Amino acid sequence: MATVKQWHESLNFSKMRLSHLLGQPMTNVRIAEVFDQIADLLEFEGANPFRVRAYRNAARIVRDLPDAITSILADPQRKLTDIDGIGDDLADKITTLAATGSLPFLEELLARVPESVLALMRIPGLGPKKAAVLYKELGVKTLADLKAACDSHKVQELKGFGAKTEQTILAGMTLAETAADRMLWAKADAIASNLLAHLKPLKEVKQLAAAGSYRRGSETVGDLDLLVDSTEPEKVMDRLAAYPDVAATIGRGDTKMSIRLEGGVQVDLRVVPEESFGAALLYFTGSKNHNIVLRGMAKDRGLKVNEYGIFRDDKFLAGRTEEEIYRMLDLPWIAPELREARQEFAWAAAGELPELIELADIRGDLHMHTTESDGRSTLAEMAAAAKALGHSYIAITDHSKRTSMANGLDSRRLLKQWSEIDALNAEKPGILVLKGVECDILEKGGLDIDDDTLAEADWVICSIHYGQNQSRQQITERILQAIENPNVAAIAHPTGRLINRRKPYEVDLEAVYKAAAKHGKFLELNSNPERLDLDDIHCAAAKQHGVKIVINTDAHRADALAGLRYGIMQARRAGLTKEDVANTRTWVQMRKLIGKTHS
DNA sequence: GCCGTTTTCGGCCCGACTGTTTTCAGTCG
């Protein structure tokens, strides 16, 4: 999926020279980037595809790991080779990377293959084989070379290429220049809902679903994958072709069709008969790696799984529902959010598949703003909207004074707001409104509101809004200091994703997790879809360290309170249960967790 | 490159679609 997105990433990646990757603390993400680049280079060289897959797999495994590689290396009790998919060779390479910041094997590869050719493989329709031919036969090293070769029609003269391929390459190049990045889940949701509503009225459509990373609740979505149960694929495909927003048809066969919408989003449609709907839903939901494991398990049992069902010696056994397929493999049904080939199979084998948290489990939202700072809705409007959503409590957490451009409150205004909250509660609004604040962690350390005032609050959540360019160590120190303040209950934006689309600040998250666990402080999963933080990986890491998590919206207007579901999806992807998330509890229970005793 | 209650070698998920072929390789998901 998402060839266009990969293209973008490759453009960004090729700008980011190796020297930028190296010589910095070796985070999991940086190690993963090195392995992905090795996989690309090996693939270009035509290496054994399974060897390439091993590197890609390792990249994904390291990226998804809740623990920092550096802390595993530092722990004499643990070995890298204990991680599934990491053998002796890759463990050595990781160790070398972490110790020296460089990897001789990668240097060798880069000496053989110019890094710029990797961008060729990102063009839709150009894979490693064709890219290698272009490089070897025509000396195409860059995208500019490729453009020139197509324009002079040298490409179509190559064996295995033709006029059509040349056109496809040119079209792929211009498309990639203008196409959109991966979209946020919320946008995918809007588009998918419209598409489903367009297809549903067709009488030939018996069942339909949106699958892919959208169904898995991935934070961002590349392509949309639609699945339809019908015996009349032609009619279904005609219906999709008639969708008003279609810009182009990329491909169309007997049961499968791909279109591109205005704005660049690719939509893949697959039509299957009823007896295959569950198998196809499983296949189309992915992830790819989840499917690979499933199919391997089937093979071990002398079975075969494809998108039509599960088979023994070509005899159809099941396929109507996902449950049937899982059952044939002695597995319970696995929630789509968990299907990333991370821990779900180990959990299933041990009978420890977590009962994932649901939206309805949340009892209160503990981070929101009002018109008193930079919110758009009043205190009363926020309370009414939260009550309508079924919450039993909320915390009003307007900004503190340092955040002056958001009209942050000083202690005098805070105390005034809190007396208004007392008055509102006295009117018995049907929801408990808590006196809170989102208190700035100042550049020099320390908090923006005095301790005497903070002691009056029910709920103090802290975050960094200024001095985000400080060193990793300075930022970490500031956060640790806030965690140690007895008046503080929670840290918001712990990984630094607090401004849309801007690079997060650098922070030693291990230290933050450890301190939060030690002092019983909450880390916030901020549910804003545009700057979601903690994401699924960080969420799992926080849980691993025994940190208490709260899921809040950080809503700036009443209708944004419904955005809690975005955070819930990430929590589910991290395998969190109701117990793992603190604000599934009543406020009385929560207050005990915080350790506050005053009323 | 990884992995092993069939294994330390020989496997590694599976099928649709396209373009260039004349039975298939490459690409994609």
Side-chain angles (χ1 to χ4, degrees), chain A residues 1-7 35 38-39 42-43 46-59 61 80-94 105 120-134 155-169 171-172 211-213 222-227 233 237 249-258 266-272 276 279-280 282-311 314 325 329 341:
Chain A
M1 291 169 215
T3 51
V4 170
K5 165 238 150 196
Q6 286 166 355
W7 160 281
F35 283 165
I38 290 174
L42 284 174
E43 193 171 35
N48 178 350
F50 296 106
R51 189 178 173 209
V52 174
R53 192 165 93 184
Y55 277 102
R56 280 204 208 294
N57 229 9
I61 288 163
L80 288 175
T81 47
D82 289 341
I83 302 168
D84 217 23
I86 306 294
D88 290 338
D89 183 90
L90 287 173
D92 276 353
K93 288 195 168 76
I94 291 171
F105 180 55
L120 306 180
M121 291 196 292
R122 303 296 178 239
I123 298 169
L126 264 194
K129 297 284 162 55
K130 285 204 161 82
V133 170
L134 288 166
V155 170
Q156 58 175 284
E157 292 163 11
L158 293 170
K159 189 169 156 56
F161 290 72
K164 192 87 187 230
T165 310
E166 202 172 80
Q167 286 308 305
T168 307
I169 291 171
S213 58
D223 303 344
L224 283 173
D225 304 300
L226 303 181
L227 180 65
M237 289 192 280
T249 299
I250 299 166
R252 178 167 171 166
D254 295 337
T255 64
K256 192 175 158 182
M257 175 179 184
S258 293
Q266 184 175 329
V267 181
D268 299 323
L269 169 73
R270 190 74 182 265
V271 185
V272 296
S276 296
L282 189 60
Y283 155 74
F284 233 11
T285 298
S287 63
K288 186 178 168 172
N289 287 297
H290 182 87
N291 286 340
I292 287 173
V293 175
L294 273 186
R295 290 171 179 199
M297 289 177 73
K299 207 161 196 175
D300 290 344
R301 289 165 170 75
L303 302 170
K304 183 179 74 174
V305 172
N306 58 27
E307 61 261 55
Y308 300 106
I310 185 161
F311 300 82
D314 291 334
I325 313 268
L329 299 171

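Residue numbers begin at 1 in each chain, while the letters A, B, ... track the order of the sequences. Since we're looking at a predicted model, the values are computed, not measured.
- Taking both residues in full, the closest heavy atoms of A:Ser258 and A:Asp268 are given as OG-OD1, 2.7 Å, listed atom of the first, atom of the second, then distance.
- Between A:Val305 and A:Ala298 the shortest heavy-atom distance is CG2-CB, 3.6 Å.
- Comparing B:dG26 with B:dT21, their P atoms are spaced 13 Å from each other, to the whole Å.
- In plain terms, the two heavy atoms of A:Ser213 and A:Gly222 that are nearest each other are OG-N, 4.2 Å.
- For A:Lys130, taking side-chain heavy atoms from C-beta onward, the closest of the listed nucleotides B:dG1, B:dG29, B:dT27 is B:dT27.
- The distance between atom CD1 of A:Ile292 and atom C1' of B:dC13, rounded to the nearest whole Å, is 6 Å.
- Following rounding to the nearest Å, A:Leu42 (CG) and B:dG1 (C1') show an atom-to-atom distance of 10 Å.
- Of the two residues contacting DNA chain B, namely A:Ala91 and A:Leu303, the nearest-nucleotide position lying further toward the 5' end is that of A:Ala91.
- Comparing the P positions of B:dC28 and B:dT20 gives a spacing of 15 Å, expressed to the nearest Å.
- Phosphate contact (OP1/OP2 of B:dC12, side-chain N/O of A:Lys299, threshold under 4.0 Å): present.
- If A:Gly127 and A:Gly296 are placed on DNA chain B by their nearest nucleotide, the residue sitting closer to the 5' end is A:Gly296.
- Spacing of C1' atoms, B:dC12 relative to B:dT8, comes out at 16 Å, to the nearest Å.
- Between the CZ atom of A:Phe284 and the C1' atom of B:dC13 there is a distance of 16 Å, given to the nearest Å.
- For the C1' atom pair drawn from B:dT18 and B:dT22, the interatomic distance equals 16 Å after rounding to whole Å.
- Across all strands shown, B:dT27 forms a Watson-Crick or G-U wobble pair, both distances under 3.5 Å, with B:dA16.
- Across all strands, A:Val293 comes closer than 4.0 Å to no nucleic acid atom at all (heavy-atom distances).
- Below the 3.5 angstrom threshold, one finds a donor paired with an acceptor across the side chain of A:Asn48 and the base of B:dG1.
- Within the structure, salt bridge (charged side-chain N to carboxylate O under 4.0 Å, His left out) contacts touching residues 289-306 of chain A (residues at least two apart or in different chains) are A:Arg301-A:Asp330, A:Lys304-A:Asp314.
- Checked against B:dG1, B:dG29, B:dC3, the side chain of A:Asp89 finds its nearest nucleotide in B:dG1.
- Between the CG atom of A:Asp300 and the P atom of B:dC12 there is a distance of 11 Å, given to the nearest Å.
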Please list, one pair per line, the donor and acceptor atoms closer than 3.5 Å that link side chains of residues 84-94 of chain A to other protein atoms, with sequence neighbours excluded.
from	atom 1	to	atom 2	distance (Å)
A:Asp89	OD1	A:Lys93	NZ	3.3
A:Asp89	OD2	A:Lys93	NZ	2.6
A:Lys93	NZ	A:Tyr55	OH	3.3

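- Comparing atom distances between the A:Arg53 side chain and each of B:dC12, B:dG29, B:dG1 picks out B:dC12 as nearest.
- A distance of about 13 Å separates the C1' atoms of B:dT6 and B:dG11, rounded to the whole Å.
- Look at the P atom in both B:dC9 and B:dC17: the space between them is 42 Å, to the nearest Å.
- Nucleic acid contact class of A:Pro49 (heavy atoms, under 4.0 Å, all strands): none.
- Regarding A:Phe50, its CZ atom lies at a distance of 11 Å from the C1' atom of B:dC2, rounded to whole Å.
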* What string of B, S and - do you get for nucleotides 15-20 of chain B, 5' to 3', if B is base contact, S is sugar-phosphate-only contact and - is no contact with any protein heavy atom under 4.0 Å? -> SSSSSS

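- Partner A:Glu43 forms a side-chain hydrogen bond (donor to acceptor under 3.5 Å, both in side chains) with one of A:Arg53, A:Arg51, A:Arg56 and no other, that one being A:Arg56.
- No contact: A:Leu294 has no heavy atom under 4.0 Å from any strand.
- Rounded to an integer number of Å, the gap from A:Asp268 CG to B:dT27 P is 18 Å.
- Across A:Val293 and A:Ala341, no two heavy atoms sit closer than the pair CG2-CB, 4.4 Å.
- A donor-acceptor pair under 3.5 Å is formed between the side chain of A:Asn291 and the backbone N or O of A:Tyr283.
- Straight-line distance from the CG atom of A:Leu120 to the P atom of B:dG26: 17 Å, rounded to whole Å.
- For A:Leu226 and B:dG29, the CG to P distance is 15 Å, given to the nearest whole Å.
- Between A:Phe284 and A:Arg270 the shortest heavy-atom distance is CE2-CB, 3.5 Å.
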